[in-house]
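These notes are about the structure you will find just below.
In what follows, chains are A, B, ... by sequence order, proteins preceding strands, each numbered from 1.
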Amino acid sequence: MKPDALIQAYVAEVVRHLPRKQRADVGFELHSLLTEELRGRAGDSEPDTEATLELLASFGRPAEVADRYRPTGFTIIRPADAPRFAWVSLVGVGVQWVITLIATYTAPATGAGDDWLSRLGTWWLSAGLGAFWWPGLLVSLSIVAAVIAARRGADAPEWTPRAAAMLDRDSIRRPLYVLAIAGALVGIAALVAAINLARWWPGLPQPLLDAFVIDEDFLATRAPWALVLWAASLASMIAVLVAGRWTRTTRLLGIVGDVLWVVLLTWWVAAGPIFVQPYADSVTKGCLLLVAGLCVLDLVITARHVRQGIPEPAV
Amino acid sequence: MVDLAKHEQDLRKGVLVLAVLSQLREEQYGYSLRQALVERGMPIEEGTLYPLLRRLEAQGLLASQWRAENGPPRRYYSLSASGAELYRELSASWGSLAHVMSQLLNGEKQ
């Protein structure tokens, strides 16, 4: 290939990565400069293919050169977020694969030819590949966030001492915390009211009253423990409210509370009916398992927070 | 082993823009600018210099125009008003920095 053809091919590859309106202008200039560089390097002799290739190699990969022409663009995923992004993406895909593989191989056989390999093939073409919606969604959301951040530009909130104070995750906003305590009390009151629905509002429609008929055994043996835990949780919340911040002690109490709630809720679900009506019972148990899951999540987050701290170096 | 070339490259990167602005007080095109920098002991890779000119122009620090003088058309660059202002400010900063660095390095030798 002749030197000029090589340069033309190289320039075409560079400008291919540039915005369309820049291509002709940058391409012409780059071609002209590379030609002049080549002549400069060759001196009095005629430039050859080898010298041209050396020049192009030293100039850099076309995509990298094109990057240098562009102003600093917006970053979709910041380097600091990249490891967490990769972790969340891969774990999300992995969890889906585990769940769907278990479901695939525990499903009853459908007949001849339904062997493990055919199930694997069917799984891969459906749930296996389908699981990649999750990283796709994360990237899409990151793009939206990056575009919004880029548009905000100079309007982005300033990093001020007040903003720095927000880093103190142990401090609480008292008004919001009061609202949280009030919400918890309303929730407890609603549950107690639901249990006593027939006694307090006998005029309500019979199907509604029937749905809330609670199991006597549950009420006598398992339910009272909730009162103990509610009282302990409220006492802990009030202690945090008075102090205005979480302490290591209140965090540890929170972890113990989460463990006790998970144990209690699991016991409630496993030890027998909660409501007499099977439908109401199964819906309630589903909700309770969800609450138990949230307790586990809170437990993990709180445990990580308690454990976090900068350890002293070994000396 | 210490990668001297990389550290030296990083050192030069910091003064790249100032070096380019200093030579564009007079109109130059890409190749002539690179030659001028080489002659004064400041070689800059072509793959770095030519895109840099476009970026500085996009920032409003340089003005450019195509001209054909005794040869093919070339794009000539020179300082814009804000480029000249930046050049003055960076020159002052560089003077101060060079003085401080000189003191630091001499102090280290003593």
_Residue-level interface, residues 39-50 of chain B with chain A, non-hydrogen cut-off under 4.5 Å_ = Glu46(B), Gly47(B), Thr48(B), Tyr50(B)

Do any side-chain atoms of residues 53-60 of chain A form donor-acceptor pairs under 3.5 angstrom with protein atoms, and if so which ones, sequence neighbours left out?
| residue | atom | partner | partner atom | Å |
| --- | --- | --- | --- | --- |
| Ser58(A) | OG | Arg41(A) | NH2 | 3.3 |
| Ser58(A) | OG | Glu54(A) | O | 3.4 |
| Ser58(A) | OG | Leu55(A) | O | 2.8 |

_Side chain / backbone / both / neither for Val26(A) at chain B, heavy atoms under 4.5 Å_ = both

_Nearest non-hydrogen partners of Val93(A) and Ala131(A), listed with the distance_ = CG2-O, 3.8 Å

*Between Ala36(B) and Gln23(B), which heavy-atom pair has the shortest distance, and what is it?*
CB-OE1, 4.0 Å

*Got a sec: does the CD of Gln65(B) have more than 12 other heavy atoms crowding it under 6.0 Å?*
yes

*Between Pro3(A) and Leu38(A), which heavy-atom pair has the shortest distance, and what is it?*
CB-CD2, 3.9 Å

*asked:* For the residue pair Gln28(B) / Ser32(B), report whether a side-chain donor-acceptor contact shorter than 3.5 Å exists.
replied: yes

_Only heavy atoms, only distances under 4.5 angstrom. Which residues in residues 74-96 of chain B are near chain A?_
Arg74(B), Arg75(B), Tyr77(B)

*Side-chain contact, heavy-atom cut-off 4.5 Å: Leu62(B) with Leu21(B)?*
yes

_Portion of Asp25(A) that has a non-hydrogen atom of chain B nearer than 4.5 angstrom_ = both

*Within-4.5 Å side-chain heavy-atom neighbours: Arg248(A) and Val306(A)*: yes

*asked:* Going by the rule side-chain contact (heavy atoms from CB on, under 4.5 Å), which residues pair with Leu52(B) if we only count those two or more places apart in sequence or in a different chain?
replied: Leu16(B), Val17(B), Val20(B), Arg55(B), Leu56(B)

_Distance-minimising heavy-atom pair for Val65(A) and Pro51(B)_ = O-CG, 4.3 Å

